[in-house]
2 protein chains.
Amino acid sequence: MSQTEKSQAAAAPAAARKQPTQQRSRERVERMLEAAAALIAEKGSDALKMGEVAERAGVPIGSLYQFFPDKSAIILTLAERYNALSRECIGEGLADVRDMAGLERAFTELVDTYYEMFLAEPVMRDIWSGTQADKALRENELADSRIIGGMLADVLMRLHREGDREEIATTAFLIMSLGEATMRLAISVTREEGQAIVDAYKRMVLREMLAL
Amino acid sequence: MSQTEKSQAAAAPAAARKQPTQQRSRERVERMLEAAAALIAEKGSDALKMGEVAERAGVPIGSLYQFFPDKSAIILTLAERYNALSRECIGEGLADVRDMAGLERAFTELVDTYYEMFLAEPVMRDIWSGTQADKALRENELADSRIIGGMLADVLMRLHREGDREEIATTAFLIMSLGEATMRLAISVTREEGQAIVDAYKRMVLREMLAL
DNA sequence: CACAAATATGAGTAATCCTCATATTTGCAA
DNA sequence: TTGCAAATATGAGGATTACTCATATTTGTG
């Protein structure tokens, strides 16, 4: 909730170039990102070429490098926008969980929503399936897992006041990280098998959260 | 066991160039792979350059392309060798499981051994942490997960004769696939946290296998 | 020994990321 | 308004590197 604002700051690429301060350039940067997203949707992020992004955005190639230190920074920015949205959803979904039944409901719905989001968003799907390609993207995903793992840990500690806090924290981190892996797996097979996999993940995780 | 031989065939790259038939060339190919492995251990597979592999192996660059269609084919061949070894270990470890206690013992030992193997083998670790980078590698890992998932499913069906066979198969596949994801996660954090994560994975999966 | 198939070779091609020197625009203080 | 520093714009070209291909050599075999 109040983390939503902070996530904007986290969106800044690690080795950033200048942040656009003037309005004109902010609009241009937006056009660059839109162009990149469109090209990824069409041909996949592997085939993303800086020259094409520039052409599509209607800017010379030099302007791209004015705001993005390299190609992966563009992809990272797009990825982080999706991650920020996800974090917000997860935070909201978990916010008013008061008991185990509530957690079960919230978790099930979050996972299903997440899966459908992946199916519906070709750009997100593409970036994620190849997310492990780039070191910066891997680190970003790891950081994201830690944040949402922390959210889940908070809830679990509220529900299991006597449990081992270290163990709960580690397990929550693992659950969220494996959730991302499950999505990657589910979107790389048929829709039918993907759904079965997502269901199996939910079953396993819910059992674990109950037993912790 | 009898699958060990078959895995040799699976090692052939998808879009293969000529297979070396003469002894001389087989030795040269071996030198190329050794050179690639050494360079990956030193600088990581991202930084692997075909020119360097050729130089290190003492062959002209053209010879590399005589047997490998492209760079990722070299990495894929190395990856598949490790996978074949892993499959063999897993097959042996699960072969004589007769009851739940035996499965628990075998699974725990396999996971721990696997984790230590990753820690000890820089080449394997490097290839795996970036495995999702390349489409061919991703597909190879998926195929591997299906095979070892099938092995686990066999065992689980033996132990749970009344269980839903579809559900067991899907869960076994998911468990193995998430095992690979867990390794990737564990090797990207400190040794201590990695061990905690591996332990949490074992706990969760064992609970699930018991309850299926 | 002859000859086809396999292998060897490495200079050159093509693709693409990214730089950088220079030109232009913007916001703002005097 | 005007002057000026900082921000932004520009695109030809440098640098890297995967991969090709025409040609030369070696190998197994009838």
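So you know, we letter chains A, B, ... as the sequences are listed, proteins then strands, and number each from 1.
Distance, A:F68 CZ to D:dA9 P: 12 Å, rounded to whole Å. The CG atom of B:L64 sits 13 Å away from the C1' atom of C:dT9 (whole-angstrom rounding). One atom, CD of B:E27, and another, C1' of D:dT26, lie 15 Å apart when rounded to the nearest Å. Atom C1' of nucleotide D:dT17 and atom CD of B:E55 are separated by 14 Å, given to the nearest angstrom. Distance B:M32 CE to C:dT7 P: 11 Å, rounded to the nearest Å.
Looking at A:R146 and A:E141, no side-chain N of the basic residue comes within less than 4.0 Å of a carboxylate O on the acidic one, giving no salt bridge.
Checked by atom type and distance alone, the side chain of B:R31 pairs as donor or acceptor with a backbone atom of B:A57 at under 3.5 Å.
Put simply, the side chain of A:E116 does not reach to within 4.5 Å of the side chain of A:T113, judged on heavy atoms.
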Revision key, fill the gap. In 5'-to-3' order, the base (B), backbone-only (S) or no-contact (-) status of each nucleotide in nucleotides 15-29 of chain C, using a 4.0 angstrom heavy-atom cut-off, is -SSBB-----SS---
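Between B:F67 and B:S25, the shortest heavy-atom distance links the atoms CZ-CB, 3.7 Å.
In this pair, A:W128 and A:Y114 present their aromatic rings perpendicular. The plane angle is above 60°, beyond the 30 to 60° band.
Applying the 4.0 Å criterion to OP1 and OP2 of D:dT10, one finds that A:R28 has a side-chain N or O inside that range.
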Result block: side-chain N/O donor-acceptor pairs under 3.5 angstrom for residues 37-45 of chain B, not counting sequence neighbours:
| unit_1 | atom_1 | unit_2 | atom_2 | d |
| --- | --- | --- | --- | --- |
| B:E42 | OE2 | B:R56 | NH2 | 2.5 |
| B:K43 | NZ | B:E52 | OE1 | 2.9 |
| B:K43 | NZ | B:E52 | OE2 | 3.2 |
| B:S45 | OG | B:D126 | OD1 | 2.5 |

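Counting any heavy atom pair closer than 4.0 Å across all strands shown, A:S25 reaches sugar-phosphate atoms only and no base atom.
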